[in-house]
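Positions are given from 1 along the sequence. Since the model is a prediction, treat every value here as computed from it, not as a measurement. All ligand and atom numbering here is 1-based and tracks the order in the structure.
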Amino acid sequence: MQSKILAAFIVLCMLTRLPVFGQEVQLASRILPLPLVLKAGEGHYPLPEKIVIYAKTLEEKHNAEFLQAFLKELGRTATLTSDRKKANISFVIANTKDQHEEGYVLSVEKAGVYITASSGAGLFYGLKSLMQLFPPNDSIMEPLRLPLVAIQDQPEFKWRGAMLDVSRHFFPISFVKKYLDFMATYKLNTFHWHLTEDQGWRIEIKKYPKLTGISAYRAETLIGSQQTYKNKDFKYDGIRYGGYYTQEEIKEVVAYAQARYITIVPEIEMPGHSSAVLAAYPELACKPGDYKVQTRWGIFKEIVCPSEETFQFFENVLTEVAALFPGEYIHIGGDEAPKDMWRESTLVQEIIEREGLKNAEEVQGWFNQRIEKFLHSKGKKLVGWDEILEGGVTPGATVMSWRGEKGGIEAARHGNQVVMTPSSHLYFDHGQNPEPHSAMEPLMICCYLPLKKVYSYNPYSSELTPAQHKFILGVQANLWTEYITTTNKVEYMMFPRMLALAEVAWTPYEKKNYQQFLQRVSHQLPHLDAKAINYRIPEPTGLDSASIKIESDHALIQLNTIVPDGVIRYTLDGKIPNETTHLYTKPFLIPINRQITISAITIAPNGRHSAPVKIVIP
Ligand code: ACM
């Protein structure tokens, strides 16, 4: 922490009186992601019936208006003032150069509430923390009052990302905005919008109307899990599927994101995952063919040819994309591009000879470098999946490491910027149940990625030196949507894991603590309920071999739930618990002279059930 900020912070702590330890733990459980430094004071600041907010500059007013809208939802009126003396809550941008550009100081004092930062983004994050100090609805807090506290906070990582694949399944802009709201609440700042795929192209490009006329629609969609089909006897639903965003809609989403200090990184895939492009513009393939928008999932050999026509096409597309998105990055995909079609192509052979390349893989490197040069001419930087390393990468490219951390480590060693997004820890299309294909879960692609594993992630790989860590730009979770057909299911897959992502991205690794994090999650669940977010109800804890105490011929069963006012129901006969089975009220002993299966569920106050957890003992 820089000295001036520290000094200001110490003064604040003195103003709010001496820290109170129990209160501190309690307050720290209310702010997620966990702030860098939090000091609790003694007492409260009562907010009057009519609240006055100080804001003078455009950025200050912009943030004050968010607070005004928030207070209105709580049934309060708030007005803005440019007279600091009249205010209950003040937003101040102070040009302290040593303040982190996204950092803030939030203090609730006897005399009022103050948020100071060196930027609008910093104020916004201070505001988000302040909002978390309010209850999910004000019915339980009359009169409205805020606990005295001093917070000094800043993010660990610059790129705090979440990706949404809108190509496998399409989501309307109303939901994209809701997704941006989720991100903003938890101080995530980079929305990676996966807009093009084999199964659908989702962005209007004026120069190429067939991208929306043809590429945006598939004839039908595979039914069920692709892995369960044995002899490729695939079954389809026979229903035409698709959609796209107009440029006007994109502009609306960009403005919505900007207002929340979120940068959008659009992804335009090349040269692979381009069946949908070829369905509309088959002349971009290395050989003529009857190309189709794909109707099932996986990796396809239909990729664009590295011809001058293809460069022309992508340069025209990227020109429109660059004009729509003000952020500095454009993602060009680059993953999973089988070279079968390139190896058979005389044009690709000519490129290999002319450019002195070794093989078709290196042609992809050459292709990317040309695209990168073009992006630079538009003032943009290139991001690609870690496959872009394989054909040779320029130092200017940012690498998104998804096949584990290997690509990210290699890239950081080369001095490339890295965004860590290993599928092992950050692919939110993976299941949250040890049995991902359990009948208690909706259909999903595979795997087991529980909250705890997401939380455990450290983007600073131990294989890199501290000097190399500075190339780790940040971290991101990805939501691929082959099997995620509805917005409800997006929410189910995102939550509560997005809360873990938020701390991985914001809070220094050394400050993280899973048990304390669970308390913060517990506090957030009613907030998620208030916004009608379909989060996955966490299972009860305590039914694992580490938690169960065996005492000669008995086992002590002690269950717990982080769901506020949630109840636990259990069975001892292997059946799935429900509202009619045993109610857990206190720890109990069961004899272990024979094998017994204990199953338990949490039932949330809104009646939703968790998946069951079970254990067989002894
Ligand atoms: C990826 O998951 N194919 C980047």
Cation-pi between Arg168 and Tyr241: NZ/CZ under 6.0 Å from ring centre and within 45° of the ring axis? no
Report yes or no: is the cationic atom of Arg370 (NZ for Lys, CZ for Arg) closer than 6.0 Å to the six-membered ring centre of Phe374, at no more than 45° off its axis? no
Nitrogen or oxygen contacts under 3.5 Å, ligand 1 side and protein side:
{"unit_1": "ligand 1", "atom_1": "2 (O)", "unit_2": "Tyr427", "atom_2": "OH", "d": "2.6"}
{"unit_1": "ligand 1", "atom_1": "3 (N)", "unit_2": "Asp335", "atom_2": "OD2", "d": "2.7"}
{"unit_1": "ligand 1", "atom_1": "3 (N)", "unit_2": "Glu336", "atom_2": "OE1", "d": "3.2"}

What residues form a side chain to side chain donor-acceptor pair (under 3.5 Å) with Lys251, not counting sequence neighbours? Glu248
Short N-O contact, Lys406 and Asp386, less than 4.0 angstrom: no
Separation between OH (Tyr329) and CD (Glu267), nearest 0.5 Å, reads 15.5 Å
List the atom of Leu188, the atom of Met498, and the distance in Å for their closest heavy-atom pair. CD1-CG, 3.9 Å
